[in-house]
Chemist: 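Okay, here's the structure, questions in a sec.
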Amino acid sequence: MNNTTKETLEHFSIDEFQDDLITWFEKEKRDLPWRKNKDPYKVWISEIMLQQTRVDTVIPYFNNFIEQFPTIDSLAEADEEKVLKAWEGLGYYSRARNLQAGVREVKESYNGIVPNTADEISKLKGVGPYTTGAILSIAYGVPEPAVDGNVMRVLSRILSIWDDIGKTKTRQQFEEIIREIISKENPSYFNQGLMELGALICIPSNPACLLCPVQKHCKAFAEGVQRELPVKSKKKQPKSVAMAAVVIEDSEGNVLIHKRPGKGLLANLWEFPNHETVTEYDVQKKHLQDYLQETYGLKVEIKEQFTSIQHVFSHLIWNIAVYKGKLVSEFEGQENLKLVSEKDITEYPFPVSHQKIYKEYKN
DNA sequence: GATTCGTGGGG
DNA sequence: TCCCCAAGAAT
């Protein structure tokens with residue numbers, strides 16, 4: 001333990017804090033589907049889904065996912081397309097692909113048993129420091145820190161820590177603190193208790209300090225500065241991008257869809273042909289036509305623009321002008337380019353932005 | 001260490 | 001409307 005940690009924990013009564021926190025968690029913990037048992041696989045799925053994602057959003061996805069892929073084997077053997085479809089709308093799609101890659105590693109290298117050491121778990125695809133600690137503590141009862149945004153917010157208030165929680169180094173400081181104060185008897189409830197407290201009581205704005213089970217341990221409350229914490233640097237605002245997309249029909253009413261590349265934004269999801277373009281309406285149509293010809297060798301008659309869609313990501317904003325198009329040339333199926341019927345299109349995973357496009361198209 | 005990776009909800 | 005956020009990891 002370095003000096004900073006030692007000073008931070010001076011006058012902090014660890015045993016009493018553990019007891020107050022765990023007692024509260026046992027009484028107040030929410031009845032969530034991934035808390036029905038300690039199956040490491042299900043804990044793993046839930047922790048990946050919960051990354052940067054609200055509990056209420058995750059619940060239906062988790063239930064459906066477990067129904068479709070109830071075991072390590074079933075997920076390892078599934079088509080990636082099915083997995084992405086089950087993830088559709090949840091965002092951060094590399095989580096789904098990394099999860100499946102990780103599960104396949106477990107199947108092949110660990111005989112289908114999720115390993116129980118930090119060294120092994122943290123090497124699995126998509127499993128970082130937080131998820132390693134979460135799986136270890138919740139599924140296996142190992143006293144390993146699981147420091148997420150909740151934990152940093154709660155502890156920054158309780159211990160009055162003013163470091164920027166957006167920095168990598170700050171998370172490591174918190175991990176060191178947790179190693180000192182985590183309950184060795186019940187690390188699972190300790191870690192989950194901190195997160196539950198952050199979700200229900202010690203929330204970002206207007207924390208419910210009067211209801212807090214560990215109020216008497218909280219330095220920020222004692223000083224009346226709980227609203228100033230945690231310190232978090234502001235994110236820069238997303239960049240705006242002009243796009244043009246087209247829903248192309250053939251003579252039989254099938255529509256043309258394209259599979260995105262395996263890396264980067266929305267990797268391996270399907271979409272309507274589109275490209276970055278200029279905002280001038282008159283040149284958009286010609287650019288779009290040229291793009292389809294040069295990129296896919298397709299002759300398409302671009303017709304009217306029927307809607308425009310705005311979609312906001314964390315780091316960019318798509319402003320999409322959406323056209324109708326008629327396929328003129330003969331179509332030869334390619335790996336990443338398909339003509340699909342209205343019925344079959346439901347089988348393909350689409351990002352929300354292109355779900356919006358199709359919905360407008362059907363209206 | 002900073003940036004890239006989604007989405008929907010809430011103040 | 002706008003901005004922040006929500007159980008992070010990979011690059």
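Letters A, B, ... mirror the listed sequences (proteins, then strands); counts begin at 1. Keep in mind that the numbers below use all heavy atoms, side chains included, and drop hydrogens, waters and symmetry copies.
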Chemist: Can you tell me which residue among A:Thr4, A:Thr5, A:Thr8 is in a side chain to side chain contact (heavy atoms under 4.5 Å, CB included) with A:Glu176?
Modeler: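 Passing option: A:Thr5.
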Chemist: Measure the distance from OH on A:Tyr92 to P on B:dG8 and round it to the nearest whole Å.
Modeler: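 That distance rounds to 13 Å.
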Chemist: Report yes if at least one side-chain N or O of A:Lys263 is closer than 4.0 Å to OP1 or OP2 of C:dA10; otherwise report no.
Modeler: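 No, no such contact exists.
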Chemist: Within this structure, what is the CH2-to-P distance between A:Trp87 and C:dA9, rounded to whole angstrom?
Modeler: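 In whole Å, C:dA9 P and A:Trp87 CH2 are 13 Å from each other.
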Chemist: Please pick, from B:dA2, B:dG6, C:dA10, the nucleotide with the shortest atom-to-atom distance to any side-chain atom of A:Asn98.
Modeler: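 For the A:Asn98 side chain, the nearest candidate turns out to be C:dA10.
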Chemist: Kindly point out which of B:dT7, C:dA9, B:dC5 is positioned nearest to the side chain of A:His315?
Modeler: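 Among B:dT7, C:dA9, B:dC5, the one nearest the side chain of A:His315 is B:dC5.
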Chemist: Do A:Ser314 and B:dG6 have a side chain to base donor-acceptor pair shorter than 3.5 Å?
Modeler: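 For A:Ser314, whose side chain was compared with the base of B:dG6, there is a donor-acceptor pair (under 3.5 Å).
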Chemist: Taking the six-membered ring for Trp and the full ring for Phe, Tyr or His, determine whether the centres of A:Phe350 and A:Phe272 are under 6.0 Å apart.
Modeler: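 A:Phe350 vs A:Phe272: aromatic centres under 6.0 Å.
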Chemist: Taking the six-membered ring for Trp, are A:Tyr323 and A:Phe306 ring centroids under 6.0 Å apart?
Modeler: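 Not under 6.0 Å, so no.
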Chemist: Grab the CG-C1' distance between A:Leu269 and B:dG6 for me, whole Å please.
Modeler: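 Between C1' of B:dG6 and CG of A:Leu269: 10 Å.
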Chemist: Classify the nucleic acid contact of A:Trp318 as base, sugar-phosphate or nothing, counting any heavy atom under 4.0 Å across all strands shown.
Modeler: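 No contact at all - A:Trp318 keeps every heavy atom at 4.0 Å or more from the nucleic acid.
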Chemist: Can you pull the ring pair (Phe, Tyr, Trp, His ring centres under 6.0 Å) pairs that have at least one residue in residues 46-79 of chain A, sequence neighbours excluded?
Modeler: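 For residues 46-79 of chain A, and leaving out neighbouring residues, the ring pair (Phe, Tyr, Trp, His ring centres under 6.0 Å) pairs sorted by first residue read A:Trp34-A:Phe62, A:Phe65-A:Phe69, A:Phe65-A:Trp87.
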Chemist: Assuming nearest nucleotide by heavy-atom distance, tell me which of A:Thr53 and A:Asp56 is located more 5' along DNA chain B.
Modeler: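 So the residue in question is A:Thr53.
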Chemist: Respond yes when some side-chain nitrogen or oxygen of A:Tyr93 is under 4.0 Å from OP1 or OP2 of B:dT7, and no when none is.
Modeler: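 Result: yes.
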Chemist: For A:Glu47 and A:Ser122, take the nucleotide of DNA chain C holding the closest heavy atom to each; which residue's nucleotide lies nearer the 5' end?
Modeler: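 Residue closer to the 5' terminus by nearest nucleotide: A:Glu47.
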Chemist: Distance check needed: C:dA10 P versus A:Lys125 NZ, whole Å only.
Modeler: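 Distance check: A:Lys125 NZ to C:dA10 P gives 9 Å.
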Chemist: Could you check whether A:Phe12 and A:Phe17 have their ring centres less than 6.0 Å apart?
Modeler: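 Ring-ring flag for A:Phe17/A:Phe12: true, centres closer than 6.0 Å.
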Chemist: Students often mix this up, so state it plainly: with edges at 30° and 60°, are the rings of A:Phe313 and A:Trp318 parallel, tilted or perpendicular?
Modeler: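 Plane angle over 60°, so perpendicular.
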Chemist: Return the nearest nucleotide to the side chain of A:Gln52; candidates are B:dA2, C:dA10, C:dA6.
Modeler: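 Looking only at heavy atoms from C-beta outward on A:Gln52, the closest nucleotide is C:dA6.
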Chemist: Could you list all N or O pairs between the protein and nucleotides 2-5 of chain C that sit under 3.5 Å apart?
Modeler:
| from | atom 1 | to | atom 2 | distance (Å) |
| --- | --- | --- | --- | --- |
| C:dC5 | O2 | A:Arg54 | NH1 | 3.4 |

Chemist: Check the distance between B:dG6's C1' and A:Leu90's CG and give it to me in whole angstrom.
Modeler: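 It works out to 9 Å between those atoms.
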Chemist: To the closest 0.5 Å, what do you measure between CZ (A:Arg157) and SG (A:Cys202)?
Modeler: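 Between atom CZ of A:Arg157 and atom SG of A:Cys202 there are 4.0 Å.
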